[in-house]
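These notes concern the structure reproduced below.
FYI, the numbering just counts along the sequence from 1.
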Amino acid sequence: MNISFGNAVVKTYNQLSRLPLGSITAEGWIKDQLLRSKEGMGGHLDELEPDMIATPFITYSSFKHLPNDPDDADPTFAAGWSGEISGTYWTGLIQLAFTLNDQHLIKKAITWVNAVLKHQEPDGYLGSYSPATNRLADYNPWSANWCYRALLSFYEATGRQDVLLAVYRGLLWFCENWKNHKTDYAGPTLIESMIMVYALTGDKRLLTFCEDWIDWLEDNTRWQNSGSRLLSSELPYTSMHVVAYGENVKHPAVVYCANGNEKLLHASVNGMEKALRHIVQTTGGASSCNEYLSPKGAVNETEYCNFATFNHSYHWLTMATGEARWGDEIERALFNGAEGARKKDERAIAYVTAPNQVLATRSSGLFAVYPEMAAYAPCYNVACCPTQSVRILPEFVRTMALIDQSKSLHLFCYGPATIMSPKIDLTMDTLYPFRDTITLTITRAKAATLHFRIPAWCKNPAISVNGEIAAITTASNGFACIDQPLFTGDIIVLHFPMEITINKVDDSDSASKFPISIERGPLVYALPIPTKWTKYPGNPITPLPKDWCWYEAWPEKSHIEAGDMVLEYDKLPWAKAVDETITPDQIRVIEHDTDGYVWENPPITLEVPLYHAEHTYLRCAPRTYESWGGTAKVSGPPELCTLVPHGCTNLRITYLPRAAK
């Protein structure tokens, strides 16, 4: 989603804007992962769950009941839930298609878009609710907005005016039929599409509708999504579904982009800042135990939806404020928690994961609504998280570079890519986040300027142009500018030295154990647990095709088969603890030759002295749990252990217990 400076017909107040979809194409490891997604869930989820994903906006299809639930689902809920999941998938698929410039996926997207437009009703209604279903239900605008996100992404990539017109007519249907009706939970997400289309059309009915909804929430919401509640210092645990908070927190800032009301912007910024303080883990995942707001903790779980949803809201806050700091949060969530919850062949994700994960099985979930959500699957009986997983990486690529109102380029997030913008085209060659050097080659420019984000963790950046150290000017918004014009053929090298940081995790509202996490640059490191994958049929709504299945992840058998099942503590290589006074100079950084896929074969590891803590974990425990006591009793001298990036794992210990010596 975007408010484009190039296409807006009214004054807008956003400081930055995305480039049109397709302007940034993935290279290197990002392209490798997107190609795996094409062959995995990204290219095939509509085939795995056709009623829920392929056709809700084409035939009003929806799931009828959940597995193990003999009762038919309420038609109103089923229509909205299936519409959300379908729209989420097509939002990801369309961005995946144009980010890869893959003609097969683009053709698939075109087929869906044309069918959706054909299905629009004469009065403009465009959604997942049949005429016989209550269209005043909260999930109607929620699901419609997901469809509109997909269609508007397609419009950005193709410029097809019939697609924009279809969304516009769909939004006007809500303006007319919901003008005296509002809901407080999922419905407000429609604000996002309303404001984007307002910028493209100048129709004040759309803006007024959104302003009225924001005002209505002040006196009528049950949740943490009114301006005054976002502006408060409180964020009560269990008071809201985390994914709904992640969606709703951006809405005042989105409306600010259209009307310039700074109080609305402050509400969104404050709402996100307190989320970062209270619920967002070191790994970038928002703690969502039982799917509701919950504190940080080693075994507190994140619903996968939240990696994508929070990153999407960080994108909006970046565009609204022009501040570079949100890029640090986007990279943290993607490179760590989001990658650590994906099977590396892109054929399954874990619905819920935690910083410490000793096993991921159909019964290992501590806080999952259904314990099976802790296992790895391509399409759960509720498929929102798999579809969200399809969009997170293409959306990251879209946000790697932004433009300001003068159309000057701002590099925002880093990774291998090719970027085309109004004033400058370039390639970004790098193994970031595993390396600290980024080489930019200017392929088209004439006396252009270039801005770039200096990561908050980088103390001494160094920039050169054509081999000469370049002067830079750093602005208060966290972006720096190279103080010389750039031309075709120039080569720029950004060097962001990565230092090791030792972090004592504040889990005082959870377990009060204050474990240690170790970071270097944008990556959080973990003690990996070698993993054995066991296939099983799973419990999807639609039987899976051949070669698709669900998985349990177990520690490799070699670590658990010998001796007494309970007392062979020395067979648990993850039973470790760290001296909380450890310093960065005691940790060795090892860079490896690139060999294969980066999330399977990490190009960088750390050697960290850790103590054996033999009574920390039981081998036979069916779930990952917190070790007893504030510190772990250890034995013997510390030994060097290899830590890898959290995103390179599926089972691991990321929050290390503190050693009691």
Side-chain angles (χ1 to χ4, degrees), residues 1-3 5 12-19 23-24 249-250 253-254 256-257 262 265-266 268-273 275-277 280 284 310-336 395-415 417 419 421 423-424 426 428 430 432-433 436-438 440 448-463 470-483 486 492-499 501 519 521-523:
M1 300 296 285
N2 193 20
I3 296 181
F5 293 133
T12 63
Y13 295 85
N14 51 305
Q15 300 300 304
L16 294 171
S17 173
R18 284 178 171 179
L19 296 164
S23 301
I24 306 175
V249 68
K250 70 180 183 297
V254 173
Y256 157 81
C257 291
E262 292 191 355
L265 179 61
H266 296 326
S268 290
V269 169
N270 188 71
M272 189 60 83
E273 287 176 340
L276 291 170
R277 289 194 300 271
V280 176
F310 273 69
N311 268 14
H312 187 69
S313 288
Y314 296 144
H315 296 163
W316 270 106
L317 290 177
T318 302
M319 291 190 291
T321 65
E323 294 177 353
R325 59 172 169 150
W326 304 108
D328 292 288
E329 306 306 332
I330 290 170
E331 291 186 349
R332 176 182 295 276
L334 176 66
F335 296 153
N336 298 290
E395 286 195 357
F396 170 80
V397 174
R398 289 203 64 192
T399 311
M400 294 175 77
L402 307 165
I403 57 172
D404 61 21
Q405 293 190 28
S406 70
K407 299 187 179 179
S408 293
L409 189 66
H410 289 59
L411 296 182
F412 179 56
C413 290
Y414 297 105
I419 299 168
S421 72
K423 294 185 175 181
I424 187 171
L426 58 83
M428 185 156 41
T430 182
Y432 187 95
D436 57 11
T437 299
I438 301 160
L440 310 174
T449 58
L450 179 66
H451 305 257
F452 55 93
R453 169 182 137 258
I454 297 179
W457 44 260
C458 180
K459 297 178 181 178
N460 297 296
I463 292 85
I472 61 172
T473 299
T474 303
S476 59
N477 63 3
F479 284 99
C481 181
I482 297 175
D483 293 337
L486 300 173
I492 303 160
V493 177
L494 308 178
H495 183 215
F496 298 139
M498 297 179 181
E499 298 181 4
T501 58
E519 304 170 47
L523 294 178

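Of all heavy-atom pairs between P461 and C458, the closest is N-SG, 3.7 Å. Between P522 and N336, the closest heavy-atom pair is O-ND2, 2.9 Å. Pairing each heavy atom of G271 with each of V249, the nearest pair is C-CG2, 3.7 Å. Residue P433 comes nearest to L523 through the heavy atom pair O-CD1, 3.4 Å, listed as atom of the first residue, atom of the second, then distance. Among all heavy-atom pairs drawn from L276 and E329, the shortest one is CD2-OE1, 3.6 Å. For C413 against R453, the heavy-atom pair with the smallest separation is CA-NH1, 3.9 Å.
For the pair N477 (side chain) and T321 (backbone), a donor-acceptor distance under 3.5 Å is absent. Using modelled atom types, one side-chain atom of Q15 and one backbone atom of Y13 make a donor-acceptor pair closer than 3.5 Å. Between the side chain of S17 and the backbone N or O of I3, at least one donor-acceptor pair lies under 3.5 Å. Judged purely by atom type and a 3.5 angstrom limit, T430 has no side-chain atom pairing as donor or acceptor with the backbone of G415.
The aromatic rings of Y414 and Y432 sit perpendicular, their planes meeting at an angle over 60°, well past the 30° parallel limit.
Between L426 and L486 the shortest side-chain heavy-atom distance does not fall below 4.5 Å. In this structure, K423 and I403 have side chains that are not in contact, with every pair of non-hydrogen atoms separated by 4.5 Å or more. Residues I482 and T449 fail the side-chain proximity criterion, which asks for heavy atoms closer than 4.5 Å. Considering only heavy atoms from C-beta on, W457 stays 4.5 Å or farther from E499 through its side chain. Y256 places none of its side-chain heavy atoms less than 4.5 Å from the side chain of V254. L402 places a side-chain heavy atom less than 4.5 Å from the side chain of R18. The closest side-chain heavy-atom distance from I419 to L19 is below 4.5 Å. With a 4.5 Å cut-off on side-chain heavy atoms, N311 and E395 do not count as touching.
Residues forming a salt bridge (charged side-chain N to carboxylate O under 4.0 Å, His left out) with R332 (at least two apart in sequence, or on another chain): E519. Remark: D404 engages no residue in a salt bridge (charged side-chain N to carboxylate O under 4.0 Å, His left out) (not counting sequence neighbours). By the salt bridge (charged side-chain N to carboxylate O under 4.0 Å, His left out) test, E323 is found to be paired with R325, residues two or more places apart in sequence or in another chain being considered.
For F479 and H451, the gap between ring centers reaches or exceeds 6.0 Å. Ring pair Y314/F412: centre-to-centre distance not below 6.0 Å.
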Set out, in order, the CA-CA distance, both residues' side-chain angles and the distance that settles side-chain contact (heavy atoms from CB on, under 4.5 Å) for D328 and W326, then state yes or no.
CA-CA 5 Å; D328 292 288; W326 304 108; over 6 Å; no
Show your reasoning for whether side-chain contact (heavy atoms from CB on, under 4.5 Å) applies to C257 and M319.
CA-CA 9 Å; C257 291; M319 291 190 291; 5.6 Å; no
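Here the OG1-CE distance, from T437 to M498, works out to 8.5 Å after rounding to the nearest 0.5 Å. One finds the SG atom of C481 at 7.5 Å from the CG atom of L450 (value rounded to the nearest 0.5 Å). Note that the CG atom of L440 and the CG atom of L409 stand 9.5 Å from one another [nearest 0.5 Å]. Between the NE2 atom in H410 and the NZ atom in K407 there is a gap of 15.0 Å [rounded to 0.5 Å]. Rounding to the nearest 0.5 Å places CG of N2 at 9.0 Å from OG1 of T399. The distance from the OG1 atom of T318 to the CG atom of L16 is 7.5 Å, given to the nearest 0.5 Å.
Looking at R398 and H315, their side chains never bring a donor and an acceptor atom within 3.5 Å of each other.
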